[in-house]
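Both counts, for ligands and for their atoms, begin at 1 and track the order of listing.
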Amino acid sequence: MGRITLDKVTKKFGDVEVIPPLDLTIEEGEFVVFVGPSGCGKSTLLRLIAGLEDVSGGQIRIDGQDATLTPPAKRGLAMVFQSYALYPHMTVRKNIAFPLRMAGMDKAEQNRRIDNAAKILNLSDYIDRRPGQLSGGQRQRVAIGRAIVREPAAFLFDEPLSNLDAALRVGMRLEITELHKRLKTTMIYVTHDQVEAMTMADKIVVLRKGYIEQVGSPLELYRSPRNVFVAGFIGSPQMNLITGAEAEKHSATTIGIRPEHIVVSPSDGQWKGRVGMSEHLGSDTFFYVHDTGLAESLTVRVSGEIELKANDTVFLTPEADKIHRFDDKGLRVK
Ligand code: ADP
Ligand code: MG
């Protein structure tokens, strides 16, 4: 259960084509993340799958059945939004029970499912509280609980953690990943945050302007970005992109080197430059090197601490087997 296939799915709002014909298969039990800049069509694509928007063309199949015209409630999918949309006057139990009550499910089965969801989500102790008496993370768990009890073929998450503070986001990220391991149900998760995508996904779908730029595992995208866009989007700090004579030496229009794949020396190396700003994170140091003649600045990441002062001269050497090459169309050269 939970295999979803999109076949030339298209979406237009008026004359504007937001999703050009798009093919994608989501396998049963996969954790798939849609990632891309704001406005690239992630939510629209998720809403098309959910049935909250009608497609302008193409076909959506769920477990082999044509679901293109199936109303949302009959698709067997459960959506979790950024705003939790809990009923403030209802207890946690009643909030979680809501979709089951609407479906007229028998009371004993409702309770079995609610107690099970509460246990999975560590909400058992809060089951009689109202949302106002819960933390942000607990509220988000109630919203997820309401999805779990429906026992859907797939969970659809649209930026569910955007309202939470940074520490809580990391915690919830782990909880949702754990939840997926336990339930083994297909999950589609939308985010603009590439770190969330890298840490959570089995499969990442990178979108830009409604187009799929690349589909692959986090490490495939990190190691072999298909084009300059994916190269710049996946990885933090961003990959350095260099054009001009240096790229031509590698028979490329653009070469890319990640900040963590540059060796630093005070005395010798391939590229000479001047240290600008440094960012000391303790575990890592990021610093920016100017006047290399290659790009306005190059970002370098070293593990741990490094003693560098602004305006120091440094020499940088890219690790030869970590250089990415792209052609004049921005596509990866093998
Ligand atoms: P994302 O979730 O990646 O930020 P969206 O899917 O929300 O992007 O939006 C994709 C594009 O579609 C945007 O340009 C947005 O303005 C447009 N769009 C979304 N919903 C509508 C709508 N109901 N009517 C018209 N344009 C829309
Ligand atoms: Mg969105």
Measure the distance from atom 6 (O) of ligand 1 to every protein heavy atom, then report the residue, atom name and distance (to 0.1 Å) of the closest one.
T44 OG1, 2.5 Å

Please check if any side-chain donor atom of H280 sits under 3.5 Å from a side-chain acceptor atom of E305, or the reverse.
no

Return a yes/no value for F13: is any of its N or O atoms, backbone included, closer than 3.5 angstrom to an N or O of ligand 1?
no

State, with a plain yes or no, whether a side-chain heavy atom of I60 is found less than 4.5 Å away from one of V9.
yes

Quick one: does atom 19 (C) of ligand 1 have a protein heavy atom under 4.0 Å from it?
yes

Just to confirm, does any protein heavy atom lie below 4.0 Å from atom 3 (O) of ligand 1?
yes

Taking side chain as C-beta onward, heavy atoms only, is R146 less than 4.5 Å from L86?
yes

Distance from atom 11 (C) of ligand 1 to nearest protein heavy atom, with residue and atom:
V18 CG1, 3.5 Å

For atom 1 (P) of ligand 1, which candidate among G14, G36, G39 provides the closest heavy atom?
G39

Check K249 with E246, please: is the shortest side-chain N to carboxylate O separation under 4.0 Å?
yes

The single option from D158, L77, L52 that satisfies side chain to side chain contact (heavy atoms under 4.5 Å, CB included) with L46 is D158

Would you call K322-E260 a salt bridge at under 4.0 Å N-O?
no

Kindly give the heavy-atom pair with the smallest separation between D128 and T91, and that separation in Å.
O-CG2, 3.5 Å

Between ligand 1 and E53, is the shortest N or O to N or O distance under 3.5 Å?
no

Looking only at protein heavy atoms, identify the closest one to atom 8 (O) of ligand 1 and say how far it is in Å.
G41 N, 3.3 Å

Look at S43 and state whether any of its N, O or S atoms is less than 2.8 Å from the Mg ion (ligand 2).
yes

Considering non-hydrogen atoms of the protein only, which is the closest contact for atom 7 (O) of ligand 1, and what is the distance?
S43 CB, 3.8 Å

